[in-house]
S.K.: 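My structure is below; once you've seen it, I'll send some questions.
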Amino acid sequence: MSDKKVTLPSKYNPNEVEAGRYQFWLEGKFFEAPNDPKKEPYSIVIPPPNVTGRLHLGHAWDTTMQDTIIRMKRMQGYDVLWLPGMDHAGIATQAKVEGELKKMGTNRYELGREKFLEKSWEWKEEYASFIRSQWEKLGLSVDYSRERFTLDEGLSDAVKEVFVKLYEKGLIYRGEYIINWDPQTKTALSDIEVIHEEVEGKFYHFKYPIKDSDEFIEIATTRPETMLGDTAVAVHPDDERYQHLIGKTVILPLVGREIEIVADDYVDMELGSGAVKITPAHDPNDFEIGNRHNLERVLVMNEDGTMNENAGKYEGMDRFECREQIVKDLEEIGALLKIEERVHQVGHSERSGAVVEPYLSTQWFVKMKPLADAAVALQESDDKVNFFPERFERTYLHWMENIRDWVISRQLWWGHRIPAWYHKETGEIYVGREAPRDHENWEQDEDVLDTWFSSALWPFSTMGWPDTEAADFKRYFPTKALVTGYDIIFFWVARMIFQSKEFTGEKPFEDVLIHGLIRDAEGRKMSKSLGNGVDPMDVIDKYGADSLRYFLLTGSTPGQDLRFHWEKVESTWNFANKIWNASRFVLMNLEDFNYDDIDLSGDLSVADKWILTRLNETIDQVTKNTDKYEFGEAGRQLYNFIWDEFCDWYIEMAKLPLYSDDAAKKKTTQSVLAYVLDQTMRLLHPFMPFITEEIWQQLPHAGESITIASWPQVKQELHDELAVKEMSRLMAIIKSVRNIRAEVDTPMSKKINMLIEAENEQIVSELERNRAYVERFCNTEKLEIAAKLQVPDKAMTAVVTGAEIFLPLEGLIDIDKELERLEKELEKWTQEVDRVKKKLSNEGFVSKAPEALVESERQKERDYLEKQAKVKARLEELKG
RNA sequence: GGAGGAUUAGCUCAGUUGGGAGAGCACCUGCCUUACAAGCAGGGGGGCGCAGGUUCAAGUCCUGCAUCCUCCA
């Protein structure tokens, strides 16, 4: 027995509604995956947020969509698992912890690896609990009993397994190549961790003298400091200007090293002088040329971006300082030809923002071609991953088809240590899940793996893989959907697909829902430096999680960015408040009504039949659109149904039987109110979980929680198209009277007389049946309904389908104004008639358009002609 | 250079198999009607970026152009 007293305050207070609710859900274990073999499994893994900090609006958006899908599926009776977890986020977290250490006046080297990792774990624990409390405030229905972390033992086993297997297959190798080096965080970066930005730079032209000659060759560069590492000059083999110089020797200025002029068709003859300096240790293309010509590789920089011993007198200088000094020195010896202004692309570290240095270094790589080929082939099969919106599949495929090998080693401490050992004496490499038996003779690689290497395994490593017999892996993998932003398609989505295909033989998820970025009101990216970020927790404090969620879900279309506007969240709060008050009304009028009392078999009014029909359509639309991830469309359907139909019409009409003495009618109305509100709360629950649970609990209900209540079904027996027609006539009459009242300044509070002339007796009886509604909503003194009646002289008129309305408002009618109004009305109907006639006289339309459409146009024609005639007749009467 | 997105009311955006242009906010008018004045009722406001094409029919499909924004090289 629940307390029947209405306890809702008149204003919706989200903080009160949301308080304690999540705890109730957790205690009920509603979010724990039941692993029930009778149900069909449905699973999603959360994109693990970084433990670097708190969640931002982007996370809130991403997870709200997942929660909406998950809550609907749970209500639909699936065996639902939403697996939460977090990512160790190597570079980012390490940078944060190092920042802490710096504040304390120390650094990681002073602390040592072990102590540093301890600190990092402390950081992780702290932020993990922040994140969990944020998930709670957002109302996310994740299964905490299965929460994972990328550095967990199980996930670490998966990482080792994958590394070893790929190594054994020859798909992981170690080698010395040019990689992207971040001198600030002192680690290698993969290609996609480098952001290319246009920079106003300088293009320096130098003279390189030819040995034993007065001649010189002109070369140009944007990075003069790298000349210290030049080991050749290259020209195009077909370049006539330089034919005589190929094979000659150049004296490298400032250094004095003798380097050769080589011919290589990589060189672009059009660019600059057509001769380029070759620095194999500091440029990927030069590295390739160096290989072809067997050139020496001279590394001139240290890992921190300062010049090394190979830089001679420049040793110790910062690379940019060195650049200026070199230019000065070359100018002094007369080797500087000119300096051009030039806009060019400069790579920056995605994390630190530092200018990335192409740098010769020994690293571990994943050979991508075979893995990418399999991933591309998957998309050509029937078993492909479905992208929503589809266009992102092309983005994904284009990247896969043009992929280069992936640098996976990172010179960090926080992460998965590379499972490779080097023999102290022989230098032999051992790769394995465990250290070699005689481990005292070996040293493990100091480096860790790219964070994305472990994230790529997330959909299956979290389920127990590599144990392919693990219960969750067998039941919940592959997952059904993945929800993430377009900014990490390459970083994460793509890598999950090829790793999953390689190691489980299956795609990791059936659908990928790609969303955009959250921006500020001006459309700028939210960032710390701009200070324009909005904390989702502030939004929740002000307007509630339900408002925030609804705003995020309905604010844009799939794949599109979303601008944050406080006013929009506020208007969502208005919606919640509307739901709140409609529920208050229903609860106040249910009296001692119980759930079992709901009975829709009684004598249903037109309003009852209409709202039940509209409910059916809403159930259908909301279900279909949510299944297609069209949350905006689904949300709008609910908004319109609740506000414009249930509140503005049904509740108002329900007041008649509710306040009447007819017990049977009253009971039926209570049934419809309770039923429709119950069903609506269920439909809305995935969007606004808190308020719907609160209202559902207050309503007559069966069951413990709305989170596990069944999803509404369309009920054909409650569908009534005739009632919809009847209702629309009734609404048209009421609206036109309201309209006339406004035109003649007659407020609703003033009673008026009203006459309705119906087209036939059938309509007369229909209107008689609904007389009480007309009397109430038009506030009539006298209401006459007949098929033929004495038309009053001075009256305002309106036409609706099948009927004409007369309001004899003596003393209020300004004949001229009324004539003007009717003229406008006539013009409107005449236009409509013309439009339809034109369409119907088009032979192509009549013969080629669908028959149903043609028929509906013919019907409109009849309707408009009738309305036109009535208005015309009325005009003539008034004039006459 | 290549790919994609955007361009619809004053602002922010919907418009999903092509079949009479919509919402929220803002604006104007009138109402404290016993669920809600953060509400109710009524109203104004749009050459759907431009130019072609396909079609009986185009905001929607095709081509080109313009402007803005992303991504890739």
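Computed over heavy atoms, backbone and side chain alike; hydrogens, waters and symmetry mates excluded. Every chain is numbered from 1 and lettered A, B, ... according to where its sequence line falls, protein lines coming before strand lines.
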S.K.: Say you pick atom P in U63(B) and the same atom in G22(B); how far apart are they, in whole Å?
M.R.: 29 Å
S.K.: With sugar-phosphate meaning primed atoms plus P, OP1 and OP2, does Glu390(A) contact a base, only sugar-phosphate, or nothing at under 4.0 Å between heavy atoms?
M.R.: nothing
S.K.: Can you tell which of U16(B), A35(B), A38(B) lies closest to the side chain of Glu633(A)?
M.R.: U16(B)
S.K.: Within less than 4.0 Å of OP1 or OP2 of C36(B), is there a side-chain N or O belonging to Asn574(A)?
M.R.: no
S.K.: Are the aromatic rings of Phe564(A) and Trp566(A) close, with centres under 6.0 Å apart?
M.R.: yes
S.K.: Taking only the side-chain heavy atoms of Phe845(A) (C-beta and beyond), determine which of A35(B), C71(B), C56(B) contains the nearest atom.
M.R.: C56(B)
S.K.: What class does the angle between the rings of Phe388(A) and Tyr629(A) fall in, given that below 30° is parallel, 30 to 60° is tilted and above 60° is perpendicular?
M.R.: perpendicular
S.K.: Output the distance between atom CG (Leu397(A)) and atom CD (Glu393(A)), rounded to the nearest 0.5 Å.
M.R.: 5.0 Å
S.K.: When the P atoms of U12(B) and U55(B) are considered, how many whole Å apart are they?
M.R.: 38 Å
S.K.: Is the distance from OP1 or OP2 of G24(B) to the nearest side-chain N or O of Tyr550(A) less than 4.0 Å?
M.R.: no
S.K.: Looking for any heavy atom pair under 4.0 Å, which part of the strands does Ile651(A) touch: base, sugar-phosphate only, or nothing?
M.R.: base
S.K.: Among the candidates C40(B), C72(B), A14(B), find the nucleotide nearest to the side-chain atoms of Gln560(A).
M.R.: A14(B)
S.K.: Looking at Tyr543(A) versus Phe551(A), is the centre-to-centre ring distance below 6.0 Å?
M.R.: no
S.K.: So which nucleotide from A41(B), A35(B), G42(B) ends up closest to the side chain of Asp648(A)?
M.R.: A41(B)
S.K.: What residues from residues 561-570 of chain A pass a heavy-atom cutoff of under 4.0 Å to RNA chain B?
M.R.: Arg563(A), His565(A), Lys568(A)
S.K.: With rounding to whole Å, what would you report as the distance between C32(B) and A41(B) at their C1' atoms?
M.R.: 14 Å
S.K.: OP1, OP2 of C56(B) versus side-chain N and O of Lys838(A): anything below 4.0 Å?
M.R.: no
S.K.: By the 4.0 Å heavy-atom rule, please label Phe392(A) as base, sugar-phosphate, or nothing.
M.R.: nothing
S.K.: Quick one: is Lys578(A) getting a side-chain N or O under 4.0 Å of the C40(B) phosphate, OP1 or OP2?
M.R.: yes
